[in-house]
Amino acid sequence: MYSSVLSTAISGVEGVAVLVEADVSNGLPMFSMVGFLSSRVREAQDRVWTALRNTGLSFPPKRITVNLSPADIRKEGTRFDLPIAAALLGAFGYLDKEKLQGVCMAGELGLNGEVKGIRGVLSIIDTAEKNGCSLCIVPKKNLPEAVSAGRIKILGISSLKEFLEHAKEDDWGASELPDCKWRSDQEGYQEDFSEILGQETAKKAAVTAAAGFHNILFIGTKGAGKTMIAFRLPTIFPGLNREESMELSRIYSVAGLLDENRTLIKRRPFRCPHHTITPKALAGGGAYPLPGEITLAHKGILFLDELPEFSRASLEILRQPLEQRKIYISRVHGNYEFPADFLLAAAMNPCPCGYYPDRNRCSCTHHQIAAYLGKVSGPLLDRFDICTEMREVPGEMLKGQKKGKSSEELRREISRAYEIQKERYKGTEIRFNGRLGGKDTEKYCTAEKAAKKLLQRAYEKLGLSVRGYHKILKTARTIADLENSDLILESHISEAICYRSLDKKYWK
């Protein structure tokens with residue numbers, strides 16, 4: 001007899017529908033599994049057969065063939081145990097084969113019949129919906145995560161016995177999901193921008209970066225507050241919408257970073273890897289690649305503290321995703337695509353001791369300074385829209401200084417800028433000024449005559465690249481949006497030029 005059920009393979013962070021087929025026939029008793037399987041999937045043969053036997057089921061000796069189709073996609077992981085068991089139960093007549101139609105399932109089996117949790121449940125549910133399934137059966141451990149997707153019926157099971165009991169009920173005994181109103185989570189941060197005293201220029205640069213999703217580099221003496229500002233960037237970002245949250249949650253589900261306490265990602269991620277991170281951990285790696293830090297920072301911030309201390313190989317990996325908003329990884333078993341639309345924030349000292357250009361305290365030689373700054377390549381530096389310098393705040397300025405705007409106040413200002421950009425780019429795939437391409441920059445960044453002349457002079461005098469020219473325009477567009485100006489004025493261009501010209505001071 002023949003039986004089949006739908007399951008899902010994970011490629012990158014996307015699900016790929018896999019039909020699990022089982023055929024039982026007379027002949028020499030054997031159990032064969034085919035379909036471009038990894039060793040972990042082949043091991044399912046022993047797990048499934050033992051789990052079925054320990055559930056109290058008996059099977060006559062038959063020739064068993066299990067196929068996972070399509071055969072040109074590599075199958076990896078333990079998520080196919082449950083669908084293989086279900087297909088076998090249908091083929092042996094323990095389960096009505098019609099009950100398996102329109103059902104997608106995944107789960108790992110223990111030898112005692114227990115159904116264990118897996119990674120990538122949200123991608124599995126998304127694939128089930130796209131393939132017209134009305135029900136998705138997942139391990140009970142993954143049920144909170146699965147229910148949060150809130151699109152099709154979900155059934156959580158903890159054992160094969162429970163699975164067979166539900167199979168006797170109409171529609172597997174699954175109930176409709178309750179309608180949940182979406183609420184983002186941008187409250188409850190311990191840090192606040194009002195805690196930063198002084199550094200008004202750097203704070204304005206940070207607000208501009210957040211408003212237009214511009215990459216930003218903080219450079220300055222040690223102890224000036226570079227890391228302090230960077231760690232408060234997430235507090236001024238407006239919250240995620242439901243679509244962005246689901247996209248992010250699928251990534252974290254595949255990475256195995258969701259649990260009962262965190263079933264959905266409702267805040268923009270802030271990833272701060274240590275400078276000893278390897279290129280593979282940053283980009284995503286392994287024989288079957290999982291999301292790296294670049295992808296885990298999707299829709300949020302990737303902060304690299306002590307930028308020159310990162311290996312050259314790790315830093316150069318950033319160049320492609322910063323332009324394409326995706327990262328491609330090739331392995332012998334296939335090519336994988338991961339989303340990587342993040343804001344890059346970085347902080348660094350101007351020299352090894354951290355005091356340059358104050359020669360009263362800096363003891364570094366010109367060669368040491370040049371070697372230190374040279375660890376950051378020109379092409380990578382060119383991908384920062386904003387570069388802001390920070391110096392230590394004098395002690396007398398800290399006494400009695402009034403607190404600046406709070407994160408909530410700044411978040412409201414940035415939200416208004418978001419709405420302006422949303423309206424401007426309606427009907428396009430663009431969401432932020434920082435994501436404008438070359439042609440789009442000329443189209444949407446309309447400047448007054450004096451502003452154009454100033455930009456042209458800066459282009460010639462500073463020796464800017466075309467990319468640098470466009471980045472000034474895009475940054476000026478964001479500054480104008482924050483001031484509710486439809487037209488880019490000369491003052492906006494002047495401020496944007498200051499953010500781009502600072503790197504010329506250090507990297508001559």
Side-chain angles (χ1 to χ4, degrees), residues 1-23 35-36 41 66-77 79-91 95-108 115 118-140 142-157 163-164 166-180 182 242-251 253-254 258 263-264 337 339:
M1 292 180 65
Y2 169 86
S3 180
S4 65
V5 66
L6 193 70
S7 188
T8 303
I10 305 295
S11 178
V13 295
E14 299 296 327
V16 180
V18 171
L19 186 65
V20 179
E21 303 173 294
D23 180 76
F36 200 10
V41 179
V66 173
N67 177 45
L68 275 63
S69 174
D72 60 341
I73 294 175
R74 181 78 169 180
K75 318 302 186 308
E76 168 61 24
R79 66 180 60 86
F80 298 106
D81 291 7
L82 181 60
I84 289 172
L88 286 173
L89 289 170
L95 192 64
D96 183 1
K97 291 184 287 186
E98 296 299 320
K99 296 280 290 187
L100 298 176
Q101 302 306 307
V103 177
C104 181
M105 62 182 70
E108 178 184 343
V115 180
I118 56 172
R119 293 189 298 190
V121 164
L122 293 181
S123 294
I124 292 168
I125 294 171
D126 190 51
T127 303
E129 184 187 23
K130 289 177 180 176
N131 284 270
C133 295
S134 58
L135 173 68
C136 194
I137 301 176
V138 300
K140 188 160 283 185
N142 297 114
L143 187 59
E145 175 187 342
V147 168
S148 63
R151 291 197 294 262
I152 61 175
K153 290 183 180 179
I154 306 293
L155 175 64
I157 58 168
F163 175 80
L164 288 169
H166 277 285
K168 297 174 185 177
E169 300 182 40
D170 293 335
D171 204 13
W172 292 83
S175 57
E176 294 286 347
L177 292 174
D179 290 330
C180 298
W182 172 251
R242 185 177 180 83
E243 183 183 346
E244 290 174 327
S245 175
M246 291 306 303
E247 185 179 355
L248 257 176
S249 299
R250 280 199 300 272
I251 294 170
S253 177
V254 169
L258 295 183
T263 59
L264 278 183
E337 178 185 306

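Nothing here was measured: the structure is a model prediction, and the numbers come from that model.
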message: Could you report the tightest heavy-atom contact between Ile251 and Pro339, atom names first, then the distance?
response: CD1-CG, 3.6 Å

message: A side-chain contact here means heavy atoms from C-beta on lying under 4.5 Å apart; do Leu155 and Val103 qualify?
response: no

statement: Here the gap from Ser249 atom OG to Glu244 atom CD, rounded to the nearest 0.5 Å, amounts to 11.5 Å

message: Ignoring hydrogens, what is the shortest heavy-atom contact between Ser123 and Arg250? Give both atom names and the distance.
response: OG-CD, 3.8 Å

statement: Only residue of Ile125, Thr127, Val121 satisfying side chain to side chain contact (heavy atoms under 4.5 Å, CB included) with Cys136 is Ile125

message: I need the minimum non-hydrogen distance between Gly107 and Val115, along with the two atoms involved.
response: CA-CG1, 4.4 Å

query: Less than 4.5 Å apart, any side-chain heavy atom of Ile137 and any of His166?
result: no

query: Do you know the tightest heavy-atom contact between Ala146 and Ile154?
result: CB-CG2, 3.7 Å

field: Backbone of Glu98 reached by a side-chain donor or acceptor of Asp96 within 3.5 Å
entry: yes

query: Ile124 and Cys104: which non-hydrogen atoms are nearest, and at how many Å?
result: CG2-SG, 4.1 Å

query: Is the closest side-chain heavy-atom distance between Leu68 and Phe80 below 4.5 Å?
result: yes

Show the atom names and distances, to 0.1 Å, of all donor-acceptor pairs under 3.5 Å that link a side chain in residues 1-19 to residues at least two apart or in another chain.
residue : atom : partner : partner atom : Å
Tyr2    : OH   : Glu21   : OE2          : 2.6
Ser7    : OG   : Met105  : O            : 2.9

message: Once rounded to the nearest 0.5 Å, what's the spacing between atom CG of Leu95 and atom CG of Leu88?
response: 11.0 Å

query: Can you tell me how far CG of Leu100 sits from CG of Leu135, rounded to the nearest 0.5 angstrom?
result: 10.5 Å

message: Run the side chain to side chain contact (heavy atoms under 4.5 Å, CB included) test on Met246 and Asp126 for me, step by step, so that the C-alpha distance in whole Å, both residues' side-chain angles and the decisive distance to 0.1 Å come before the verdict.
response: CA-CA 10 Å; Met246 291 306 303; Asp126 190 51; over 6 Å; no

query: Which heavy atom of Lys99 sits nearest a heavy atom of Trp172, and at what distance?
result: O-NE1, 3.1 Å

- prompt: Under a 4.5 Å cut-off applied to non-hydrogen side-chain atoms, are Leu164 and Leu89 in contact?
  reply: yes

- prompt: Is there a side-chain contact between Glu145 and Leu122, using heavy atoms and a 4.5 Å cut-off?
  reply: yes

